[in-house]
Amino acid sequence: MHSFGYRANALLTFAVTILAFMCTLASFSDNFNSPTPTAQVKVLNINWFQKQPNGNDEVSMTLNISADLQTLFTWNTKQVFVFVAAEYETPKNSLNQISLWDGIIPSKEHAKFWIHTSNKYRFIDQGSNLRGKEFNLTMHWHVMPKTGKMFADKIVMPGYRLPEEYR
């Protein structure tokens, strides 16, 4: 006859195996979701554009951020981290990214939003590279599942330009 410890070990091993199998199926099911999120970011105003005493350029902007990220949510989605970044090139770096705003979307009900805000984080370039600079605003998101691999994507919105002169 088997002892209590042996039976408990067999039952626990079986339960953990079934749990691992269910987590694998849950993670695999996310591959069948093809999300189609939409986003739009508008620069309403350049509040100030100045050269700091240390020589760096700094910009403050007022933004309208609207997005519909509901298609990113499945039954396996825990939350979505989203942020808007300004992206531009300089002679020193082929890609400069500066986060302007971010947020955590906890559920599908909160995934369709419209925000009127100034940049949450400082838009500073190390040097005097921002005058007349073209830049893209990019909305990035990272989907954090309950189980399985995290994935990320973005929408790039090109065609923005900073003023030629400081204000």
Side-chain angles (χ1 to χ4, degrees), residues 27 29-167:
S27 180
S29 71
D30 279 343
N31 293 331
F32 297 112
N33 183 33
S34 51
T36 55
T38 59
Q40 187 175 16
V41 180
K42 292 182 181 177
V43 176
L44 297 180
N45 188 31
I46 304 289
N47 300 330
W48 75 78
F49 180 34
Q50 62 190 12
K51 187 178 198 83
Q52 295 179 325
N54 61 6
N56 296 335
D57 285 348
E58 181 178 7
V59 181
S60 173
M61 298 184 280
T62 302
L63 306 168
N64 266 353
I65 304 168
S66 62
D68 184 358
L69 306 177
Q70 291 179 328
T71 58
L72 296 174
F73 281 83
T74 66
W75 65 274
N76 190 31
T77 304
K78 181 177 182 180
Q79 65 185 12
V80 175
F81 174 71
V82 61
F83 68 97
V84 174
E87 299 178 345
Y88 60 96
E89 293 181 10
T90 59
K92 239 184 188 182
N93 301 307
S94 61
L95 177 64
N96 294 282
Q97 288 183 317
I98 299 173
S99 181
L100 301 177
W101 172 87
D102 66 7
I104 295 174
I105 303 170
S107 66
K108 188 174 187 172
E109 292 76 32
H110 297 99
K112 192 171 188 175
F113 59 90
W114 177 84
I115 297 170
H116 177 82
T117 185
S118 290
N119 46 309
K120 187 175 178 182
Y121 304 106
R122 297 172 71 182
F123 187 169
I124 298 175
D125 181 69
Q126 295 176 342
S128 300
N129 299 310
L130 292 181
R131 283 185 295 171
K133 179 64 69 180
E134 288 188 16
F135 66 98
N136 298 331
L137 289 175
T138 305
M139 180 172 281
H140 298 261
W141 59 85
H142 298 264
V143 177
M144 298 168 196
K146 293 175 184 163
T147 181
K149 189 174 89 171
M150 190 166 69
F151 75 92
D153 205 354
K154 63 185 175 182
I155 295 176
V156 179
M157 294 155 271
Y160 297 95
R161 180 182 285 277
L162 289 169
E164 295 285 341
E165 299 298 322
Y166 296 118
R167 306 185 199 178

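More than 12 heavy atoms of other residues, nucleotides or ligands sit less than 6.0 Å from atom NE2 of His142. The number of heavy atoms from other shown groups lying within 6.0 Å of CD (Gln126) does not exceed 12. Atom NZ of Lys51 sits in a crowded spot, with more than 12 heavy atoms from other residues, nucleotides or ligands closer than 6.0 Å. The number of heavy-atom neighbours closer than 6.0 Å to NZ of Lys42, taken from other residues, nucleotides and ligands shown, is 12 or below.
Going from atom CD of Gln70 over to atom OG1 of Thr77 covers 12.5 Å, rounded to the nearest 0.5 Å. Atom NZ of Lys146 is separated from atom OG1 of Thr74 by 8.0 Å, given to the nearest 0.5 angstrom. With values rounded to the nearest 0.5 angstrom, Ile115 atom CD1 is found 10.0 Å from Asn64 atom CG. The CD atom of Gln40 sits 10.0 Å away from the CE atom of Met139 when rounded to the nearest 0.5 Å. Remark: Phe123 CZ to Asn96 CG distance equals 9.0 Å, nearest 0.5 Å. Taking CG of Leu162 as the reference point, atom OH of Tyr88 lies at 9.0 Å (rounded to 0.5 Å).
Remark: Arg131 does not engage Asp57 in a salt bridge, criterion side-chain N to carboxylate O under 4.0 Å.
Below 30°, between 30° and 60°, or above 60°: for Phe83 and Phe81 the angle between ring planes is between 30° and 60°, a tilted geometry.
Ile124 is not listed as a side-chain neighbour of Ile98, based on a closest heavy-atom distance of 4.5 Å or more. Contact of the His116 side chain with the Leu44 side chain is registered, since non-hydrogen atoms from C-beta on lie closer than 4.5 Å. For the pair Phe135/Leu137, a side-chain contact is recorded, criterion being any heavy-atom separation below 4.5 Å from C-beta on.
By the ring-ring contact (aromatic ring centres under 6.0 Å, His included) test, Trp141 is found to be paired with no residue, residues two or more places apart in sequence or in another chain being considered. The side-chain hydrogen bond (donor to acceptor under 3.5 Å, both in side chains) test applied to Glu134 returns Arg161, not counting sequence neighbours.
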Working note: Val84 + Asp102, criterion side chain to side chain contact (heavy atoms under 4.5 Å, CB included); need CA distance, chi angles, decisive distance, verdict. CA-CA 6 Å; Val84 174; Asp102 66 7; over 6 Å; no
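Remark: the backbone N or O of Thr38 is not paired with any side-chain donor or acceptor of Asp68 at under 3.5 angstrom.
No hydrogens or angles considered: nothing links the side chains of Asn45 and Thr62 as a donor-acceptor pair under 3.5 Å.
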